[in-house]
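A, B, ... follow the sequence lines: proteins, then strands. Residue 1 opens every chain. Computed from a predicted structure; not experimentally measured.
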There are 2 protein chains.
Amino acid sequence: MSESAERGGLAHRVPDLGALELLLAVARLGSLGRAARELGITQPAASSRIRSMERQLGVALVDRSPRGSRLTDAGALVTDWARRIVEAAEVFDVGAQALRDRRDSRLRVAASMTIAEYLLPGWLIALRTARPDTAVSLLAGNSTVVAERLLADEADLGFVEGPTVPAGLDAAVIAHDHVIVVTAPSHPWARRRKPLDAAELAATPLILREKGSGTRQVLEAALGTLARPLIELSSTTAVKSSALSGAGPAVLSELALGEELSARRLIRIPVEGVRLRRALRAVWPTGHRPTGPARDLLGLTRAPLA
Amino acid sequence: MSESAERGGLAHRVPDLGALELLLAVARLGSLGRAARELGITQPAASSRIRSMERQLGVALVDRSPRGSRLTDAGALVTDWARRIVEAAEVFDVGAQALRDRRDSRLRVAASMTIAEYLLPGWLIALRTARPDTAVSLLAGNSTVVAERLLADEADLGFVEGPTVPAGLDAAVIAHDHVIVVTAPSHPWARRRKPLDAAELAATPLILREKGSGTRQVLEAALGTLARPLIELSSTTAVKSSALSGAGPAVLSELALGEELSARRLIRIPVEGVRLRRALRAVWPTGHRPTGPARDLLGLTRAPLA
DNA sequence: CGGGGACATAAGCTGGGGTTATGAGTGAGA
DNA sequence: TCTCACTCATAACCCCAGCTTATGTCCCCG
């Protein structure tokens, strides 16, 4: 993330979550008072909070009138940025909630790191709207750990990544984790018209995760040869940062890239003739077809076998 | 966003930004004390803050030892979710900062709503690492407004979307806003093997923005006929929510979809034989080639003409 | 065996955000 | 025109989260 000398800290320049939620509520409901009521606080509290947020940002956010409150132009812009933060917070929330309720919950899920990080919270948000009262617990670990938990009846549903299904488990492919090649927009590859081929990819020094990591394995299996590292880094985030800084082409899981792709801060380079993907599977003990909440969750994860 | 009865409010279950930043610093630096120093607070403050975050989440996040602190397994998971929030906050920050410094700044940008919302903050984050001391101001408005500002020398660089370039301006296409068709994973289209064609798209009732909106215009221009609305909604977010809830296929700008696509909560349905995209252009007064910071920013926005 | 890290604990201050109580516009209807 | 019902703003007060300083404990290393 290129931590520049940035004195002050984000927290002092960005309103806190409560204020952002309040702003969204005002936008939706068109009135400070109504928004306050929805969040369970009083109207003066809401009024003061919005005001102090406007002071902090140095911009008027809402037009007050005796008939209600509407967003300013600037307010509309700010509200959309705020919504992104709140959505990220929702992901955090359901993830953390699942993590917390270890023991005593109704649906116990065991998942690989990648899935637990990027996919599960989204599914759980969806599950919550369908079955609001289901408490979920989450354990993250590798395939072996997931299998152990399922077989010991300490988990109801598991998720694993990779080519093999652990023994004793039935599985269904629910999606694929695409490993993709990206560069900064300034890189020459970003202007290519023809897709890369395997030979070219194998011949080019790339920004990679360390040897043995999931994405690296997928890449080398697909190439049928060892990859040539330009830099080797031990975290997905570090790889992303290097790529963003223009150090060179990087290989990353598509799941780790959110906004960077759609905002064109990183460009996806098409690759042809190489199967750069890894199956993501739901798993359960052989015979024990998922039922109840596990079945609901499984239904939500059904994606096309693209 | 399907506001369920969700009592309590996110803010009470999710640590505040300061705490999340602290957690990231601890993860990066491997020590509470060092992290504290980096954020400009004392070691006991950091210690207590992390502890209260652990209490709040009900999970141990860091392993303390007299030699330093390392993340727990759960801590690593939580840290990655936290990073998403902090990144969204950074986007908010640079956007808001640009919005605030209206008058007295060195680089004045005028941009269409879509670009100001989704693209500009990312570019400004990148610009900040290259030119940390450049103050940027941002005005959001439609093409006409952008053109006015540029011609009145009240802006140094503009960004507009749509097929035409306002008179008196030079332009360069920097990217394309792809309008795409998405459905929930449960929708039959999510399992199609063949791309949609124009006739099929025109014949199917779709979840759309209101008539006259940008994405709707692109869609109807591409189809050469009016679209058939299943539901008409007045905000991008509302369209997204409806699609997520499985109400039907929706048409949205790719820029508005972040995590939903990569996490497969919404599935992109390929469409063939239809040009569902709109040029995004940088613009400046004819003759006045951008120089200085404006030139730097323009350089950052260069993306392939995909 | 004495530093010097690293983290924990304790006591005290401060301020942001909450509350209640009240005032003051505006518009709609009797 | 008066009054009610709605909006938002202001004032006075309270509380607690989070900060600070000052100290204690543990462990490793020279």
Side-chain angles (χ1 to χ4, degrees), chain A residues 7-72 75 82 86 89, chain B residues 7-72 75 82 86 89:
Chain A
R7 273 286 59 80
L10 268 188
H12 299 153
R13 290 187 315 256
V14 177
D16 61 61
L17 275 174
L20 300 178
E21 281 188 282
L22 176 60
L23 180 63
L24 294 187
V26 170
R28 186 156 31 83
L29 301 173
S31 146
L32 292 194
R34 251 197 291 280
R37 229 169 302 139
E38 176 171 278
L39 300 201
I41 62 179
T42 57
Q43 172 267 319
S47 180
S48 122
R49 216 145 182 214
I50 294 278
R51 182 168 299 287
S52 75
M53 181 160 43
E54 290 178 316
R55 211 159 7 91
Q56 182 182 21
L57 299 179
V59 174
L61 298 175
V62 306
D63 266 340
R64 286 94 160 153
S65 89
R67 303 274 308 139
S69 296
R70 222 132 266 300
L71 289 180
T72 305
V86 171
Chain B
R7 273 287 57 78
L10 268 190
H12 299 151
R13 291 187 313 258
V14 177
D16 62 60
L17 275 174
L20 299 178
E21 280 188 284
L22 177 59
L23 180 62
L24 294 186
V26 171
R28 185 156 32 83
L29 301 173
S31 146
L32 292 194
R34 251 197 291 281
R37 230 168 302 138
E38 176 170 279
L39 299 201
I41 62 178
T42 58
Q43 172 267 319
S47 179
S48 123
R49 207 135 190 223
I50 294 278
R51 181 167 299 287
S52 77
M53 181 161 41
E54 289 177 316
R55 209 159 8 91
Q56 181 182 22
L57 299 178
V59 175
L61 299 175
V62 305
D63 266 340
R64 286 94 159 153
S65 88
R67 303 274 307 141
S69 296
R70 224 136 263 300
L71 290 180
T72 306
V86 171

- Between A:Asp16 and B:Gly33, name the one whose nearest nucleotide on DNA chain C is closer to the 5' end.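 Its nearest nucleotide being more 5', the pick is B:Gly33.
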What's the closest nucleotide to the [X] side chain, out of [options]?
{"X": "B:Arg34", "options": "C:dA6, D:dC8, C:dT9", "value": "C:dA6"}
{"X": "A:Pro66", "options": "C:dG18, C:dC7, C:dG25", "value": "C:dG25"}
{"X": "A:Ala45", "options": "D:dT21, D:dA11, C:dG18", "value": "C:dG18"}

What is the distance, rounded to the nearest whole Å, between atom [atom1] of [X] and atom [atom2] of [N]?
{"X": "A:Arg67", "N": "C:dG25", "atom1": "CZ", "atom2": "P", "value": "18 Å"}
{"X": "A:Ile50", "N": "C:dG18", "atom1": "CD1", "atom2": "C1'", "value": "15 Å"}
{"X": "B:Arg55", "N": "C:dT9", "atom1": "CZ", "atom2": "C1'", "value": "14 Å"}
{"X": "B:Arg49", "N": "C:dA8", "atom1": "CZ", "atom2": "P", "value": "16 Å"}
{"X": "A:Arg64", "N": "C:dG23", "atom1": "CZ", "atom2": "C1'", "value": "17 Å"}
{"X": "A:Arg70", "N": "D:dT7", "atom1": "CZ", "atom2": "C1'", "value": "13 Å"}
{"X": "A:Arg51", "N": "C:dG18", "atom1": "CZ", "atom2": "C1'", "value": "17 Å"}
{"X": "A:Leu20", "N": "C:dG17", "atom1": "CG", "atom2": "C1'", "value": "15 Å"}

Taking only the side-chain nitrogens and oxygens of [X], find out if one of them lies under 4.0 Å from OP1 or OP2 of [N].
{"X": "A:Ser65", "N": "D:dT7", "value": "no"}
{"X": "A:Ser69", "N": "D:dC8", "value": "yes"}
{"X": "A:Ser47", "N": "D:dC8", "value": "no"}

- Message: Base of D:dA9, side chain of A:Gln43 - is there a donor-acceptor contact under 3.5 Å?
- Response: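 Answer is yes: a donor-acceptor pair is held.
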A side-chain contact here means heavy atoms from C-beta on lying under 4.5 Å apart; do [X] and [Y] qualify?
{"X": "B:Leu17", "Y": "A:Asp16", "answer": "no"}
{"X": "B:Val62", "Y": "B:Glu54", "answer": "yes"}
{"X": "A:Leu32", "Y": "A:Leu22", "answer": "no"}

- Item | Under 3.5 Å: donor-acceptor pair, side chain of B:Ser69, backbone of B:Arg64 |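 No; zero donor-acceptor contacts below 3.5 Å.
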- Task: Looking at every strand, decide which applies to B:Ser48 at a 4.0 Å heavy-atom threshold: base, sugar-phosphate, or nothing.
- Result: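 If one applies the 4.0 Å heavy-atom cut-off, B:Ser48 turns out to touch nothing in the nucleic acid.
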- At under 4.0 Å between heavy atoms, what does B:Ser31 touch on the DNA or RNA strands: base, sugar-phosphate, or nothing?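 Since only primed, P, OP1 and OP2 atoms lie under 4.0 Å of B:Ser31, the category is sugar-phosphate.
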- Query: What is the distance from atom CG of A:Asp63 to atom CG of A:Leu71, rounded to the nearest 0.5 Å?
  - Reply: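 Result: 9.0 Å between the selected atoms.
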